[in-house]
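Below, all heavy atoms of this structure are taken into account, side chains as well, without hydrogens, waters or symmetry copies.
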Amino acid sequence: MSHMMHRNLRQTPRVAVSALGMLVRDSEGRTYIDACSGAAVSSLGHGHPDILSAMHRQIDRNAYAHTAFFTTDVAEELADRLTAGAPEGLTEVYLVSGGSEAMETAMKLARQYFVETGQTQRTKFIARRQSYHGNTLGALAVGGNEWRRRHFAPLLIDVARVAPCYEYRDRLPDQTQDQYTNALLRELDEQIHAAGPHTIVAFVAEPVVGATGGAIPPTPGYFRGVRNLCDRYGILFIADEVMCGMGRTGTMYSIEQDGVSPDIITIGKGLGAGYQPIGAVLAQRALVDQLRKGSGAFQHGHTYIGHPVAAAAALAVQKVIERDDLLAAVRLRGEALRRMLQAEFGAHPNVGDIRGRGLLIALELVQERASKAPFDPARKLHASVRNKAMANGLMVYPMGGTIDGVRGDHILLAPPFIATDADLSEIVSRLSDSLAAALD
């Protein structure tokens with residue numbers, strides 16, 4: 001009997017004993033193609049020698065240094081690299097241990113900024129329905145993933161919400177794309193006024209919605225409009241790139257493709273590519289300078305922030321991505337995967353939408369294409385697809401509640417950046433077999 005509290009308390013998962021490249025092997029000798037990088041984490045695949053070597057070197061040199069006493073060369077170099085390629089003005093880095101921790105940090109930094117500028121009345125956040133920003137209480141409050149929030153709702157701060165930018169479901173038949181985008185921005189403007197512009201700390205959004213909605217990209221001009229509204233009312237814009245950032249969508253920061261610079265960006269997952277737990281917050285210099293001129297301290301901290309071995313792993317990941325031109329590879333492989341998925345599922349009666357950016361792509365499953373009617377939630381089609389895929393030696397990231405937290409199913413694909421065309425072809429083939437078996 002296992003003494004571990006596993007995610008499913010009624011089942012003990014398979015035991016992973018080794019992993020290399022695209023493959024994970026369990027204790028019974030079965031191998032699985034990692035078509036989702038775990039949870040869009042293992043961007044360089046498993047067992048990459050450069051990352052392992054960098055971690056070993058750092059462990060031999062200095063495995064831990066508490067940031068109340070020391071910084072380290074490796075953390076400083078990582079911060080330099082992260083800011084060198086960041087959107088304009090994002091020059092300050094705070095290293096944490098994961099995505100949820102990054103969101104908590106971002107929320108507290110944003111609030112402290114307004115406290116130190118004398119705007120203590122700013123206490124509210126605005127976010128979107130069908131979003132996910134982490135599992136800690138602050139991040140969970142901002143997120144709009146209803147099934148994750150349900151049990152803990154009495155513990156969560158109130159957050160104003162607007163519609164997600166979910167063109168497949170929400171754009172009306174008689175709306176142009178620009179009209180749809182403008183309607184979303186009007187709703188945000190109205191919500192800002194309803195909440196009180198001078199009471200709002202920040203608007204929070206994922207540039208490409210991850211697991212909750214399934215790789216939903218924004219419409220052109222949406223985030224430029226968001227940036228303009230935030231500027232108009234003195235509200236901060238926090239871009240949550242924990243899943244979609246660090247090259248996953250074909251640029252190091254996903255928001256680059258939308259031509260705007262947020263006030264704060266949160267990153268995680270692909271930052272350390274699974275080799276160590278690490279996340280980070282990037283902030284505009286003006287925000288942090290206000291704290292420097294005021295209290296002189298950010299009132300926040302955790303035991304493992306700036307961990308040198310985690311920083312060494314993340315720095316090595318950054319160097320491999322640059323050396324091997326993997327951002328270009330993500331764009332090319334993403335286009336190839338889209339073509340393969342379109343060829344296999346473009347006319348499938350139960351695949352309503354194929355969407356995403358780079359190597360963050362999802363298929364939304366429907367009972368009927370024309371009406372976009374979802375399957376009965378009780379069927380748990382997404383879970384069935386996952387189980388059939390595992391039986392076929394394929395790891396995918398399905399999710400239910402795509403539409404409203406209850407209805408809808410999608411399958412998220414986020415293969416490692418090192419995937420070849422042959423790998424992608426095998427992924428699509430096994431996914432086709434798995435979906436057929438789940439629908440049978």
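Surrounding CD of Q299 are at most 12 heavy atoms belonging to other residues, nucleotides or ligands under 6.0 Å away. For F298, the CZ atom counts as densely surrounded, since its 6.0 Å shell holds more than 12 non-hydrogen atoms of other residues, nucleotides or ligands. Under a cut-off of 6.0 angstrom, the local environment of CG in D158 is sparse, with at most 12 non-hydrogen atoms contributed by other residues, nucleotides or ligands.
Contact of the I235 side chain with the V201 side chain is not registered, since no non-hydrogen atoms from C-beta on lie closer than 4.5 Å. The closest side-chain heavy-atom distance from S43 to S37 is not below 4.5 Å.
Under 4.0 Å is where a charged nitrogen must lie from a carboxylate oxygen, and between R323 and D50 at least one such pair does. Looking at D404 and R407, a side-chain N of the basic residue comes within less than 4.0 Å of a carboxylate O on the acidic one, giving a salt bridge. Taking a cutoff of 4.0 Å between a charged side-chain nitrogen and a carboxylate oxygen, E28 and R14 do not qualify as a salt bridge. Ion pair D440/K388 not flagged as a salt bridge, since none of the NZ, NE, NH1 or NH2 atoms sits closer than 4.0 Å to an Asp/Glu carboxylate oxygen. The pair K380-D409 fails the salt-bridge criterion, with no side-chain N (NZ, NE, NH1 or NH2) lying under 4.0 Å from an Asp/Glu carboxylate O. Salt bridge E104/K108: absent, no basic N to carboxylate O contact under 4.0 Å. Remark: D258 does not engage R224 in a salt bridge, criterion side-chain N to carboxylate O under 4.0 Å. Salt-bridge check for R248 with E241: failed, with every basic side-chain N at 4.0 Å or more from each acidic carboxylate O.
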Begin with the C-alpha distance, continue with both residues' side-chain angles, and end with the deciding distance and a verdict on side-chain contact (heavy atoms from CB on, under 4.5 Å) for N350 and L365. CA-CA 5 Å; N350 301 118; L365 305 178; 5.5 Å; no
Could you walk me through whether I51 and Q276 satisfy the side-chain contact (heavy atoms from CB on, under 4.5 Å) test, starting with their C-alpha distance in whole Å, then the side-chain angles of each, then the deciding distance to 0.1 Å, before giving a yes or no? CA-CA 10 Å; I51 316 304; Q276 284 281 280; over 6 Å; no
For I238 and D263, what are the C-alpha separation, side-chain angles and deciding distance, and is it a side-chain contact (heavy atoms from CB on, under 4.5 Å)? CA-CA 6 Å; I238 300 174; D263 297 290; over 6 Å; no
Please assess T181 against D178 for the test side-chain hydrogen bond (donor to acceptor under 3.5 Å, both in side chains), listing each intermediate value before the final yes or no. CA-CA 5 Å; T181 302; D178 284 347; 5.2 Å; no
H193/Y233 under ring pair (Phe, Tyr, Trp, His ring centres under 6.0 Å): CA gap, chis, key distance, verdict: CA-CA 10 Å; H193 278 280; Y233 299 113; 5.1 Å; yes
Evaluate R150 against E146 for salt bridge (charged side-chain N to carboxylate O under 4.0 Å, His left out), listing each step before the verdict. CA-CA 6 Å; R150 192 173 301 126; E146 291 305 320; over 6 Å; no
Verify side-chain contact (heavy atoms from CB on, under 4.5 Å) between I200 and L236, making sure each step is shown before the conclusion. CA-CA 9 Å; I200 300 167; L236 301 182; over 6 Å; no
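The distance from the CD1 atom of I126 to the CD atom of Q191 is 5.5 Å, given to the nearest 0.5 Å. Annotation: the span from L332 atom CG to D325 atom CG amounts to 9.0 Å, rounded to 0.5 Å. One distance of note links CD1 of I427 with CD of E344; it measures 13.5 Å at 0.5 Å rounding. Taking CZ of F125 as the start and OG1 of T199 as the end, the distance is 11.5 Å to the nearest 0.5 Å. Taking OG1 of T136 as the start and CE of M103 as the end, the distance is 8.5 Å to the nearest 0.5 Å. A distance of 5.5 Å separates OG1 of T402 from CD of E364, quoted to the nearest 0.5 Å.
A donor-acceptor contact shorter than 3.5 Å is absent between the side chain of R339 and the backbone of A343. Between the side chain of Q175 and the backbone N or O of L172, at least one donor-acceptor pair lies under 3.5 Å. In terms of modelled atom types and a separation under 3.5 Å, the side chain of R128 and the main chain of G143 share no donor-acceptor contact. With hydrogens and angles disregarded, a donor-acceptor distance shorter than 3.5 Å links the side chain of R169 to the backbone of K372. The backbone N or O of Q179 lies less than 3.5 Å from a partner atom in the side chain of T176, making a donor-acceptor pair. Looking at E206, its side chain never comes within 3.5 Å of a backbone N or O of S131 through a donor-acceptor pair. In this structure a side-chain-to-backbone donor-acceptor pair under 3.5 Å is present from E101 to S97. Remark: side-chain polar atoms of D376 are paired, donor with acceptor, to backbone N or O of A378 under 3.5 angstrom. Remark: the backbone N or O of G85 is not paired with any side-chain donor or acceptor of Y253 at under 3.5 angstrom. Distance alone, capped at 3.5 Å, places no donor-acceptor pair between the R333 side chain and the F417 backbone.
S18 and R25 are linked by a side-chain donor-acceptor pair at a separation below 3.5 angstrom, with hydrogens and angles left out of the test. Q284 and S261 are linked by a side-chain donor-acceptor pair at a separation below 3.5 angstrom, with hydrogens and angles left out of the test. Checked by atom type, the side-chain pair N145/T212 shows a donor-acceptor distance below 3.5 Å. Between the side chains of S254 and T249, at least one donor-acceptor pair of N or O atoms lies under 3.5 Å. Side-chain contact check for N387 and S384: no donor-acceptor pair (N or O, by modelled atom type) lies under 3.5 Å. For the residue pair Q177 / E167, a side-chain donor-acceptor distance below 3.5 Å is found, with atom types taken as modelled. Looking at S371 and E368, their side chains do bring a donor and an acceptor atom within 3.5 Å of each other. Judged by distance alone, the side chains of R30 and Y32 do bring a donor and an acceptor atom under 3.5 Å apart.
Residue pairs meeting the ring pair (Phe, Tyr, Trp, His ring centres under 6.0 Å) criterion with at least one member in residues 378-398, sequence neighbours excluded, do not occur.
At least one cation-pi condition fails for R171 and Y180: the charged atom is not both under 6.0 angstrom from the six-membered ring centre and inside a 45 degree cone around its axis.
For the pair T251 and L327, the tightest heavy-atom approach, listed with the atom from each and the gap, is C-CD2, 4.1 Å. Contact detail for R338 and G356: the closest heavy-atom pair is NH1-O, 3.1 Å. Taking every heavy atom of both residues into account, L363 and L431 meet most closely at CD2-CD2, 4.4 Å. In this structure, C230 and F203 approach most closely via the heavy-atom pair SG-CB, 4.1 Å. The shortest non-hydrogen separation linking H133 to V204 is CE1-CG1, 3.6 Å. In terms of heavy-atom proximity, S434 sits nearest to R430 at OG-O, 2.7 Å.
Ring orientation note: the planes of F237 and F223 are close to parallel, at an angle under 30° on the 30°/60° scale. Ring geometry, H302 versus H300: the interplanar angle exceeds 60°, so the pair is classed perpendicular (tilted spans 30 to 60°).
When L95, T266, V93, I267 are each tested for a side chain to side chain contact (heavy atoms under 4.5 Å, CB included) with V281, only one passes: T266.
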